[in-house]
Student: 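Below is the structure I would like to discuss, written out as structure tokens.
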Amino acid sequence: MSKIAVLGYGVVGSGVVELFYKNKESILKKIGKDADIKYILDIRDFPDSPYRDKFTRDINDIVNDKEVTIVAECMGGATFAYDFVKACLQNGKNVSTSNKELVAKKGAELLAIAKEKNCNFFFEASVGGAIPIIRPLHKCLAANEISQIAGILNGTTNFILGKMINESMDFDAALKMAQELGYAEKDPTADVEGHDACRKICILSSLITGKHIYPDNVYTKGITDISLKDVKLAEKFGAAVKLIASVRKLENGRIIPMVMPMLVPYDNLMSRVDDVFNAVMVCGDGIDKAMFYGRGAGMLPTASAVLGDVIEQLKNEENGTDLAQSWVDCDNSEILADYKENECRMYFRVSGISEADLENAEIIDNGEEVAFVTARMSIAKSDEFAKSVELRGGSVKSKIAVLDI
Ligand code: HSE
């Protein structure tokens, strides 16, 4: 019988255990053999849990148990989770993780260990929660050259922006709700400052290039500067403000990954992605565009993706490492281009400048301030334009790129 260990009994880990036992009969049929959860690792006690006999505080119980072939890591963070996952892989155990921080920071190293030990480091749950995107990208879409990916990859910020757009709720109240619903990271800074979305676009970028893209090298801006005023003005321009994580491949082979709030025009399906839902749009030379949509965070949606990897592994235990789901370490300066080369239209809200000075722009005059959307230009040029507004005595209150995937 194959034995499973679950690391961490928080929102995701408890969801993995719950979903496994809820659907155990059908899961075992799909695997084609018997399997069970043998261990749950957590430093806390759960004396009333029906699974209390499975708890351990010692990772060595798992690492040294030959019966355990697959470990579901749901602890989060890149400290203890890194040590434990590394120890499991080094002992030939397969790992399925929901931990995007771990994959984005240590993916190349952990994938290399998995390859050396002929086992797998799977991470479908690390991007997009319930949405299948990792396996589709490197399997179903493998025939394509992927030119661009853009997505709403953080449920918490999408939830917050949705509350601001639809209910005029303030930022702090919406964040508190997201935390109570179990969507937000332990430290919500990672959500609202865009770091979580950055880790996810790094994972997708690494997957399509085969080279590890590190979060520290990716331009990242969160939603903390987004005001209700901009959200409402965006509506007048026929767009919704969303936190967009994207990567674009240039003709010279370099890529530009980045994370920033953007105006998503209503004719783009992503403008309608509300609540904690995520969406990922992929452009390839064979498919044109494909969009993946679903719950991007939460207990059972994320557990579904973790268990999907566990089942995949248990069904294919004889196959060894899946090399298609892999990448290698690289010097990022050799593959990244400056995000300011990216071209798009740009929304501005300015004061102290008259409409007459703004040729070729769609304009909304709001009294003291003027909001407008420029023609397409590079981000570098839009910075120059902002400076020229200031030189003419104006003041730039906000500047948000418009998505054009
Ligand atoms: N905090 C993350 C989010 C959880 O809100 O999307 C899922 O990765």
Side-chain angles (χ1 to χ4, degrees), residues 7-8 10-16 19 72-78 81 96-105 107 122-134 149-164 169 171-207 215 218 220-224 226 241-246 259-261 270 273-280 292-309:
L7 310 190
V11 174
V12 179
S14 60
V16 167
L19 195 60
E73 187 276 305
C74 311
M75 298 166 58
S96 154
T97 184
S98 57
N99 186 339
K100 50 264 154 159
E101 185 177 357
L102 181 67
V103 183
K105 287 184 178 165
F122 282 147
F123 44 88
E124 182 65 67
S126 66
V127 181
I131 305 174
I133 182 65
I134 302 292
I149 299 175
I152 295 169
L153 295 181
N154 182 266
T156 301
T157 45
N158 205 50
F159 181 88
I160 293 171
L161 289 169
K163 291 283 171 199
M164 289 170 77
M169 190 182 268
F171 183 92
D172 291 337
L175 171 60
K176 191 160 174 278
M177 257 178 116
Q179 285 174 306
E180 283 164 4
L181 289 165
Y183 302 149
E185 299 301 302
K186 276 181 206 141
D187 174 2
T189 319
D191 294 300
V192 298
E193 298 292 359
H195 304 308
D196 178 74
C198 174
R199 289 164 189 152
K200 292 166 179 168
I201 200 65
C202 283
I203 294 170
L204 299 184
S205 303
S206 303
L207 208 52
V218 172
T220 301
K221 185 169 160 45
I223 65 164
T224 47
I226 297 296
V241 179
K242 300 282 177 192
L243 184 66
I244 299 293
S246 63
V259 177
M260 54 168 68
M270 282 199 285
V273 174
D274 284 326
D275 203 71
V276 74
F277 283 81
N278 282 191
V280 192
F292 300 80
Y293 169 80
R295 287 191 179 274
M299 180 171 153
L300 293 183
T302 313
S304 155
V306 174
L307 278 174
D309 278 345

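In listed order, ligands and their atoms are each counted from 1.
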Student: Can you check side chain to side chain contact (heavy atoms under 4.5 Å, CB included) on Val273 and Asn278, steps first, answer last?
Tutor: CA-CA 7 Å; Val273 174; Asn278 282 191; 5.8 Å; no

Student: Under 4.0 Å from a heavy atom of Tyr183: which atoms of ligand 1 are those, numbered in the order shown and with their elements?
Tutor: 1 (N), 2 (C), 3 (C), 4 (C), 5 (O)

Student: Could you tell me if the side chain of Pro261 sits less than 4.5 Å from the side chain of Lys242, heavy atoms only?
Tutor: no

Student: Evaluating non-hydrogen atoms only, which member of Asn99, Thr156, Val11 is closest to atom 5 (O) of ligand 1?
Tutor: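 When every heavy atom of Asn99, Thr156, Val11 is considered, Thr156 comes closest to atom 5 (O) of ligand 1.
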
Student: Look at atom 7 (C) of ligand 1 and find which of Pro301, Gly296, Gly129 reaches it with the closest heavy atom.
Tutor: Gly296

Student: Under a 4.0 Å N-O cut-off, is there an ion pair linking Lys100 with Glu185?
Tutor: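 Salt bridge between Lys100 and Glu185, a charged N being under 4.0 Å from a carboxylate O: yes.
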
Student: Atom 6 (O) of ligand 1: which protein heavy atom is closest, and how many Å away?
Tutor: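 Result: Gly155 N, 2.7 Å.
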
Student: Which protein heavy atom lies closest to atom 1 (N) of ligand 1, and at what distance to 0.1 Å?
Tutor: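 Ranked first by proximity to atom 1 (N) of ligand 1 is Glu185 OE2, 2.5 Å.
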
Student: For ligand 1, does Asp196 get within less than 4.0 Å through its side chain, its backbone, both, or neither, judged by non-hydrogen atoms?
Tutor: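 Answer for Asp196: side chain.
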
Student: Quiz question: by atom type and distance under 3.5 Å, do the side chains of Asn99 and Thr97 form a donor-acceptor pair?
Tutor: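 The criterion, which ignores hydrogens and geometry beyond distance, is not satisfied for Thr97 and Asn99.
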
Student: Does Lys200 pair with Asp196 as a salt bridge, N-O distance under 4.0 Å?
Tutor: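 Yes.
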
Student: Less than 4.0 Å between a side-chain N and a carboxylate O, is that true for Lys163 and Asp275?
Tutor: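 No, Asp275 and Lys163 are not salt-bridged.
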
Student: Which of the atoms of ligand 1 are close to Asp191, meaning less than 4.0 Å from one of its heavy atoms?
Tutor: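 Once the distances to Asp191 are compared, the set is 1 (N), 2 (C), 3 (C), 5 (O).
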
